[in-house]
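A short write-up of the structure that comes next.
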Amino acid sequence: MKEQMIMAGSGGQGILSSGKMIAEAFMEEGREITHFPTYGSAVRGGSSSVTITVSDRRIACPVAVPGKITIEVIFNEESLRKYEPYLAENGLLVYNTSLIPNGPSRGDIRAYGVPGNRLAEEAGSTRCINMVMLGALIGITGICNCETMYRLVDEVFTGAKAKLAVINKRAIQLGLEYVKARA
């Protein structure tokens, strides 16, 4: 198994933190990974993305090649328009319908729309859109174990931030349940 992923959106949507968390989940589950975050100069609102390659074998070339990306998780319209051409034919696109109402323009990909903002609000915080989208990705692909992700959330949100762990795990669960209900 080898997947090349892009997660993209704007600064403040949790792109980099969710990319780091899923990369850590892959490592904990014994996979080989590469992880390349990029972000604009603005803290919030600038373009933000992370490219991850995950494989069961050593990764000879970590460069994600446009047209060869197998999975994209896209949070906003600008990122969809920028990265949709990078997706391979029959690649998987998971996108946030709260900010991308019209969806992708391509018909040769597998697209799953998820109301990320609405589900994040339901989970308890609009700041956990990234966890909703990770939950949806896990629900569609089974690319990593949900329990691994829950454990990582508990490791990140400790002490005074422990209440955020509950919200983020709920967000993962809502994303997962949303796509499972539509399978």
Side-chain angles (χ1 to χ4, degrees), residues 1-9 11-39 48-64 68-75 79 83 86-88 91-96 110 112 114 116 119-120 122-125 127-159 161-183:
M1 178 274 290
K2 180 179 177 183
E3 301 287 354
Q4 290 193 310
M5 299 174 50
I6 290 178
M7 299 177 77
Q13 289 184 305
I15 306 299
L16 300 181
S17 61
S18 58
K20 182 180 177 187
M21 287 185 74
I22 197 158
E24 287 181 19
F26 294 148
M27 285 190 309
E28 281 196 20
E29 293 180 0
R31 302 213 183 100
E32 299 289 323
I33 67 119
T34 62
H35 174 262
F36 294 104
T38 60
Y39 49 91
S48 180
S49 69
V50 63
T51 303
I52 301 167
T53 302
V54 59
S55 179
D56 291 330
R57 300 188 322 230
R58 291 185 63 101
I59 299 167
C61 180
V63 177
K68 302 288 185 185
I69 302 299
T70 55
I71 299 173
E72 291 184 350
V73 182
I74 304 295
F75 290 63
S79 296
Y83 291 107
Y86 287 45
L87 197 57
L92 172 65
L93 171 66
V94 182
Y95 67 98
N96 180 7
R110 297 172 293 133
Y112 290 82
V114 178
L119 293 174
E122 190 178 323
S125 173
R127 298 199 58 183
C128 63
I129 297 165
N130 58 341
M131 295 294 116
V132 169
M133 299 304 282
L134 277 182
L137 175 65
I138 293 167
I140 295 164
T141 64
I143 198 159
C144 72
N145 188 318
C146 207
E147 294 306 317
T148 304
M149 195 60 66
Y150 290 153
R151 190 171 9 83
L152 288 169
V153 168
D154 284 334
E155 290 175 11
V156 170
F157 298 102
T158 60
K161 295 183 178 182
K163 66 181 179 192
L164 297 175
V166 173
I167 292 169
N168 279 279
K169 288 191 290 188
R170 176 74 177 133
I172 292 168
Q173 179 183 0
L174 287 172
L176 188 131
E177 289 173 355
Y178 183 85
V179 296
K180 292 285 186 183
R182 282 143 187 84

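The first residue of the sequence shown is numbered 1, and numbering continues consecutively from there.
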Q: Would you check, one step at a time, whether the test side chain to side chain donor-acceptor pair (under 3.5 Å) holds for Thr51 with Gln4?
A: CA-CA 7 Å; Thr51 303; Gln4 290 193 310; over 6 Å; no
So, for [X] and [Y], which heavy atoms are closest and what is the spacing to 0.1 Å?
{"X": "Val114", "Y": "Tyr178", "value": "CA-CE2, 4.0 Å"}
{"X": "Phe26", "Y": "Cys144", "value": "CE2-CB, 4.0 Å"}
{"X": "Leu119", "Y": "Leu174", "value": "O-CD1, 3.5 Å"}
{"X": "Ile74", "Y": "Met133", "value": "O-CE, 4.0 Å"}
{"X": "Ile15", "Y": "Met7", "value": "CG2-O, 3.4 Å"}
{"X": "Ala136", "Y": "Val179", "value": "O-CG2, 3.6 Å"}

Note, [X] side chain near [Y] side chain (heavy atom, < 4.5 Å):
{"X": "Ile143", "Y": "Ile71", "value": "yes"}
{"X": "Ile33", "Y": "Thr53", "value": "no"}
{"X": "Asn145", "Y": "Glu29", "value": "yes"}
{"X": "Phe36", "Y": "Val50", "value": "no"}
{"X": "Val153", "Y": "Met21", "value": "yes"}
{"X": "Arg31", "Y": "Met1", "value": "yes"}

Can you tell me how far the [atom1] atom of [X] sits from the [atom2] atom of [Y], to the nearest 0.5 Å?
{"X": "Thr34", "Y": "Ile59", "atom1": "OG1", "atom2": "CD1", "answer": "4.5 Å"}
{"X": "Ile69", "Y": "Glu72", "atom1": "CD1", "atom2": "CD", "answer": "6.5 Å"}
{"X": "Ile6", "Y": "Ser79", "atom1": "CD1", "atom2": "OG", "answer": "10.0 Å"}
{"X": "Leu134", "Y": "Ile129", "atom1": "CG", "atom2": "CD1", "answer": "12.5 Å"}
{"X": "Ser49", "Y": "Leu16", "atom1": "OG", "atom2": "CG", "answer": "8.0 Å"}
{"X": "Leu137", "Y": "Tyr112", "atom1": "CG", "atom2": "OH", "answer": "11.0 Å"}

Q.
As a quick check of understanding, evaluate side chain to side chain contact (heavy atoms under 4.5 Å, CB included) for Lys169 and Met131, giving each step before the final call.
A. CA-CA 8 Å; Lys169 288 191 290 188; Met131 295 294 116; over 6 Å; no
(Q) Under the salt bridge (Lys or Arg N to Asp or Glu O under 4.0 Å) definition, can you give me all pairs with a residue in residues 174-183, not counting sequence neighbours? (A) none
Q) Does a donor on one side chain sit under 3.5 Å from an acceptor on the other, for Glu3 and Thr70? A) yes
Q. Is it true that the side chains of Ser48 and Gln13 contain a donor and an acceptor less than 3.5 Å apart?
A. no
Q) Quick one: do Lys2 and Asp56 make a salt bridge, cutoff under 4.0 Å? A) no
Q | Ion pair Arg151/Glu28, N-O distance below 4.0 Å | A | yes
Q: Applying side chain to side chain contact (heavy atoms under 4.5 Å, CB included), run through Val54 and Glu32 and close with a yes or a no.
A: CA-CA 6 Å; Val54 59; Glu32 299 289 323; over 6 Å; no
Q. Which residue pairs pass the side-chain hydrogen bond (donor to acceptor under 3.5 Å, both in side chains) test with at least one member in residues 14-23, sequence neighbours excluded?
A. Ser17-Asn130
Q. Where do Ile172 and Val132 land on the side chain to side chain contact (heavy atoms under 4.5 Å, CB included) test, with the steps shown first?
A. CA-CA 5 Å; Ile172 292 168; Val132 169; over 6 Å; no
